[in-house]
Every structure is written in structure tokens, then in C-alpha cells.
2 protein chains.
Amino acid sequence: MKSAIPETGVPITPPAAGNGGDRQETSLHGEVLLRLRDYVVEGNIPEGARVPERQLCDMLGISRTPLREALKVLAAEGLIELLPNRGARVRQLSQRDLEELFDVMAGLESLAGRLACELITDEEIAAIERLHYEMYGHYLHRDMHGYFRINQQIHESIVAAARNETLKTTYANFAGRIRRVRYSANFARKRQRWGEAMREHEAILDALRRRAASELSDILFQHLRNKRSAAIDHLAEGQDAGLETKPQGD
Amino acid sequence: MKSAIPETGVPITPPAAGNGGDRQETSLHGEVLLRLRDYVVEGNIPEGARVPERQLCDMLGISRTPLREALKVLAAEGLIELLPNRGARVRQLSQRDLEELFDVMAGLESLAGRLACELITDEEIAAIERLHYEMYGHYLHRDMHGYFRINQQIHESIVAAARNETLKTTYANFAGRIRRVRYSANFARKRQRWGEAMREHEAILDALRRRAASELSDILFQHLRNKRSAAIDHLAEGQDAGLETKPQGD
DNA sequence: AAGACAAAAAATGAATGCAAAATAGCTCCA
DNA sequence: TGGAGCTATTTTGCATTCATTTTTTGTCTT
């Protein structure tokens with residue numbers, strides 16, 4: 001068997017027992033969609049690898065119909081590619097694709113900041129401040145993992161403060177697309193960039209406190225632009241060195 | 001028959017003859033997707049109306065499998081809703097939904113402007129200038145339809161100048177979602193707003209000439225924000241007056 | 001022995017079939 | 001006469017089946 005998929009599969013619903021989780025998710029195909037999306041996003045399938053439907057069906061314990069529906073949706077989301085008569089592959093992101101994705105993310109966060117300034121409460125800002133100082137602590141301790149976790153929380157808080165569900169959903173979609181590279185692009189050794197990022201975050205917080213929408217928008221865009229450069233650089237190095245974007249646990 | 005769909009249906013492929021169009025689009029489901037998307041976007045199905053699968057199948061001359069795949073994709077795109085066990089409905093956009101969508105569009109155009117400033121050529125700017133003056137002509141002649149057509153071309157040119165296919169696709173997606181309301185939201189009577197819009201467009205062009213990215217970003221956002229207000233106002237009036245968003249030809 | 005052709009096997013795309021859920025239609029009762 | 005409850009029809013969700021297309025494998029030719 002030349003399977004490209006590691007055998008991590010667990011059937012979706014223990015064949016006929018009540019589904020243990022309280023997730024009221026109806027419809028098999030919806031469940032399949034969630035499962036498959038996570039499965040792809042988390043990098044369980046090698047990029048560009050062909051993914052036989054049958055195998056996924058066996059893995060998920062379903063028939064091809066709902067699976068194919070889910071695949072179509074994932075393709076529309078940009079996570080996978082569907083080649084006519086030749087099956088599905090995990091979409092391979094070129095450097096250009098990544099640049100584009102980062103830029104769109106930058107635009108979305110920039111927008112989020114702008115909108116957030118309109119209605120954000122003092123409490124929300126205070127919460128972000130707390131996250132900021134927590135992140136600063138991780139920075140001082142050189143705790144990369146903790147830093148990144150809080151960093152994401154800050155950005156998500158800003159998106160949440162924009163009070164725009166459509167934006168939030170779109171943001172989450174794009175975040176999912178680049179999640180795998182994001183992991184590997186933690187500019188691990190770029191100490192200098194790290195310091196820069198901290199300063200940028202201070203500027204973000206400052207602009208947010210003053211509700212300076214336009215300014216915050218600029219800062220966020222530039223911040224993400226810099227992140228993009230760091231990620232692309234890191235990735236390019238990694239590729240040159242032959243390092244694959246290996247999936248790594250959360 | 002209580003059909004909600006007007007009988008405009010033409011089978012996708014003249015049953016067994018070679019497909020007349022040179023559109024090499026393979027795969028029935030892809031064709032169905034395009035057809036159905038247009039069909040929905042153009043407002044052929046009343047909002048919120050239930051749409052039996054069978055009827056769409058008959059209309060398109062296909063079986064339910066590819067149709068359902070297309071429906072799932074359209075749902076993921078936000079054009080329709082899929083209620084479990086209760087079929088598909090054309091998504092009804094609340095006023096809040098529209099506000100959110102307009103804001104996201106504003107963010108995307110704002111981003112497009114910012115990016116465009118980085119690489120746009122003098123020729124591209126000249127082309128936009130030509131469009132601008134053409135639009136100005138329509139403005140002077142109070143030719144609403146022509147004005148709007150060129151207006152869209154200008155905005156699309158800016159998005160194109162951003163040189164970001166991902167952005168372009170995303171933009172197109174959102175544009176499709178609000179297309180039906182856009183038509184009806186031509187702030188038809190708002191002469192004052194029209195003049196404002198023209199002035200904003202001049203500012204856009206000015207910033208673009210100077211490649212003033214940040215400034216252009218602000219102007220575009222504000223421009224779209226104003227458009228949003230006009231659209232929402234108009235729509236609210238229309239609803240009060242009981243005017244439905246009736247589809248109108250291109 | 002290498003490449004080309006052909007047949008077999010497998011995978012995809014779409015249609016059909018079947019069970020469960022929802023809607024409608026109808027009867028019966030207050 | 002109006003409404004609650006039950007039955008019948010329709011509709012949805014998923015599995016299965018069938019027809020093409022692709023891929024693989026084996027053989028033959030040069």
C-alpha cells in the first residue's frame with residue numbers, strides 16, 4: 001500500500017452508538033468537513049500527495065458521497081486542489097501564494113484594527129494590555145512557545161473587537177490556510193526580529209489606546225508585512241536546507 | 001406546483017450533443033457550480049425561498065449528486081444556507097450582515113489600494129485616469145448606469161493593480177454576495193452623495209498618482225464606508241416602502 | 001534491454017436506490 | 001367549525017452501483 005496518509009483514523013461515529021460529544025453537529029457531511037479540515041490543516045497529509053477517496057472513506061468510516069461533498073468545500077476554501085479525474089491533493093503553497101496570503105491576512109488585521117477603534121471598550125483594551133504584558137514576560141524569558149500563543153490571542157482579540165462576524169470567519173479561514181507554515185515559520189533564530197516585533201506590539205497597543213484607527217491600521221499592516229518577510233525568509237532557508245515543513249504538535 | 005423558481009432553466013449540456021460553448025470546463029459539478037452561482041447571484045430565486053433539489057436537478061438536467069456538491073460549495077461561500085434536513089435557502093442578508101459585508105469589502109479595497117501603490121505602473125494609472133474621466137462624463141450627464149459600470153471597473157482595476165490573485169478572488173467572492181443588493185442600492189436619488197463620491201474618487205486618483213499607500217488606504221476605506229451608509233439607508237427606505245429587491249437586467 | 005503498445009486494475013464522476021426525516025393532507029374529536 | 005393527532009407523500013441524507021477515465025502492469029517489438 002502506497003498510502004500517503006498516516007493511519008491515525010478513527011471512525012467518525014462509533015458505528016451506531018450515541019455520539020459521545022455534546023457537539024450537536026448534525027449531518028455526517030458537516031462532521032466530515034470539520035474532521036477533514038482539521039486533518040489537513042494540522043498537516044497530517046503530505047503536501048501535494050494524492051489522497052485516494054477510498055482511503056479517506058475507510059479512515060472516517062463513511063461512504064464516498066459525503067466525503068466528496070466535503071472535499072469540494074475544502075477545495076473552495078483553498079485548502080486542497082481538485083484535479084479533474086485525478087483526485088484531490090493537499091494544496092501546495094508556493095512562495096508567491098504565501099506572500100499573497102500573508103498580505104491578505106495583513107489587510108484583514110489592518111481592517112480589524114481600524115474597526116476595533118470604533119467600538120472597543122476600555123475593558124477590552126485592558127484585557128489586551130494584560131495579554132501584552134504576559135507576552136512580554138515570555139519574551140524576556142525567551143519562551144518562544146508561550147510568546148506565540150499569547151501573540152495569537154492578541155491578534156484574535158483585535159479581530160474580535162472589530163465586532164464583525166464576517167471578518168472573523170474570513171480571518172479564521174485564511175489563518176487556517178497558512179497555519180502549517182506559520183508553525184514552521186516561527187523565525188526561531190531571528191532574535192532581532194523578535195525585539196522588533198515586541199516594539200511593534202507596543203505601538204499597536206498605544207494606537208489602540210488612543211483609538212487612532214488609521215494609525216493602527218498602518219501599524220498592523222506593517223507588522224504583518226514584517227512577519228511575512230520573516231516567515232518567507234525562514235521558509236526559504238528551510239527549503240534550501242532541505243528541511244520539510246514537518247508537522248509538529250500543538 | 002408551488003415552485004419558487006422561475007422556469008428559466010436550460011439543461012446544462014444539450015443532452016448528448018457536443019457542448020456548444022468552447023468553455024473547456026470539464027466536470028459536470030464545476031459547470032453546475034458556475035451556473036448555480038450565477039443563477040443565485042442574479043437574484044432568480046427569491047430570498048429565503050425553499051429550493052427543492054429535485055427542481056434544480058430538472059432545471060439543470062442533472063442528477064442530485066453533483067447538484068448537492070455545488071450546493072455545499074455555495075453554502076461555504078455564503079450565498080445560500082443549508083438547513084439540516086430542510087434543504088437550501090437563498091441566504092437572507094440582514095442589515096447587520098450587509099454592514100459587515102460592506103466593511104469587509106472596504107477592508108479589501110483598502111488593502112488593494114495599499115498594495116497597488118507598491119507596484120502600479122504609470123500606464124495602469126493612466127488607464128484608471130481614463131476611466132475616471134469617462135466616469136466623470138457619465139456623472140455630468142447624470143447617466144447612472146454608465147457611471148456605475150465605470151465605477152466598478154475602476155475599483156476592479158485597483159484590485160487588479162494590487163497583483164494579488166488571492167485578494168482578487170476573495171474580493172470577487174464578497175462582491176458576489178452583495179451584488180444583488182448593490183444593484184438596488186444605487187443611491188438613485190441621492191444626488192448629493194453622488195457628488196461626494198466623485199470628489200472621493202478624485203482623492204483616490206490623486207493618492208494613487210503619488211503612490212501614497214497609507215493615505216490611499218484611508219481614502220478607500222472611507223469611500224466604501226460612505227457607500228455602505230448610502231446603501232443601507234437606501235435599502236432601509238426601500239424596505240419600509242415595501243419595495244422588494246427586484247432583480248434587474250445587467 | 002529499453003521503449004511502446006495493450007489489457008487489466010483502480011480510481012473518479014455521476015446516477016440510482018433506500019432509509020430517515022420533514023412536510024402535507026386527512027380524519028376525528030371537541 | 002377549528003384544531004389535534006395520525007397517516008401518506010415528499011424531500012433530504014447517505015450508500016451503492018454504473019460508466020469513464022486514469023494508472024498500472026505485462027507483453028511485444030525493435
Side-chain angles (χ1 to χ4, degrees), chain A residues 1-5 11-19 23-36 45 48-76 80-91, chain B residues 1-5 11-19 23-36 45 48-76 80-91:
Chain A
M1 181 190 294
K2 57 185 311 183
S3 158
I5 306 178
I12 282 193
T13 51
N19 62 359
R23 181 155 58 169
Q24 193 65 19
E25 262 314 322
T26 56
S27 78
L28 199 44
H29 113 269
E31 194 76 16
V32 170
L33 183 55
L34 294 177
R35 285 274 301 261
L36 252 190
I45 306 177
R50 187 168 183 179
V51 180
E53 293 177 1
R54 186 58 177 276
Q55 194 176 340
L56 289 174
C57 290
D58 292 349
M59 179 182 112
L60 297 168
I62 57 169
S63 85
R64 283 175 56 218
T65 309
L67 178 87
R68 286 172 56 82
E69 291 172 352
L71 287 179
K72 296 285 187 299
V73 172
L74 292 182
I80 65 175
E81 280 177 312
L82 253 39
L83 295 87
N85 287 322
R86 273 131 129 269
R89 340 186 138 248
V90 175
R91 183 163 168 202
Chain B
M1 181 189 292
K2 58 186 310 182
S3 159
I5 307 179
I12 282 193
T13 52
N19 64 358
R23 181 155 57 171
Q24 192 65 19
E25 264 311 324
T26 55
S27 79
L28 200 42
H29 117 268
E31 193 77 14
V32 170
L33 184 55
L34 294 176
R35 284 276 299 261
L36 251 190
I45 306 178
R50 186 168 181 181
V51 180
E53 293 175 1
R54 185 59 176 277
Q55 195 177 339
L56 288 174
C57 290
D58 293 348
M59 180 181 111
L60 297 167
I62 57 168
S63 83
R64 284 176 55 217
T65 307
L67 178 86
R68 286 172 56 81
E69 291 172 351
L71 287 179
K72 296 285 187 299
V73 172
L74 292 182
I80 64 175
E81 280 176 312
L82 252 40
L83 295 88
N85 288 321
R86 274 139 117 266
R89 340 185 138 251
V90 175
R91 182 162 168 202

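Letters A, B, ... are given to chains in the order of the sequence lines, protein chains preceding strands, and every chain is numbered from 1. The model shown is predicted, which means the values in this text are computed figures rather than measured ones.
Atoms CZ (A:Arg54) and C1' (C:dG13) sit 16 Å apart, rounded to a whole Å. Rounded to whole Å, the distance from CG on A:Leu67 to C1' on D:dG13 is 15 Å. Whole-Å rounding puts the A:Glu53 CD to D:dT21 P distance at 17 Å. Between the C1' atom of C:dT16 and the CG atom of B:Asp58 lies a distance of 15 Å, rounded to the nearest Å. B:Leu60 places its CG atom 17 Å from the C1' atom of C:dG13, with the value rounded to the nearest Å. Straight-line distance from the CD atom of A:Gln55 to the C1' atom of C:dA10: 13 Å, rounded to whole Å.
At a non-hydrogen distance threshold of 4.0 Å, B:Asn85, B:Arg86 from residues 84-91 of chain B come into contact with DNA chain C.
Under the 4.5 Å side-chain criterion, counting only non-hydrogen atoms from C-beta, B:Lys72 is in contact with A:Glu69.
Considering all non-hydrogen atoms of both residues, A:Arg89 and A:Gly48 come closest at NH1-O, 2.8 Å. The shortest heavy-atom contact between A:Val32 and A:Pro66 is CG1-O, 4.4 Å. In terms of heavy atoms, A:Ile80 sits closest to A:Ala88 at CD1-CB, 4.2 Å. Of all non-hydrogen atoms in A:Glu53 and A:Leu67, the two that sit nearest each other are O-CD2, 3.6 Å. Smallest separation of non-hydrogen atoms from B:Arg86 and B:Arg50: O-NE, 3.4 Å.
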ask   = What string of B, S and - do you get for nucleotides 14-19 of chain D, 5' to 3', if B is base contact, S is sugar-phosphate-only contact and - is no contact with any protein heavy atom under 4.0 Å?
value = SBBB--
query = Run the side-chain contact (heavy atoms from CB on, under 4.5 Å) check on B:Leu36 and B:Val73 step by step: do they pass?
reply = CA-CA 10 Å; B:Leu36 251 190; B:Val73 172; over 6 Å; no
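Rounding to the nearest 0.5 Å places CD1 of A:Ile45 at 8.5 Å from CD of A:Gln55.
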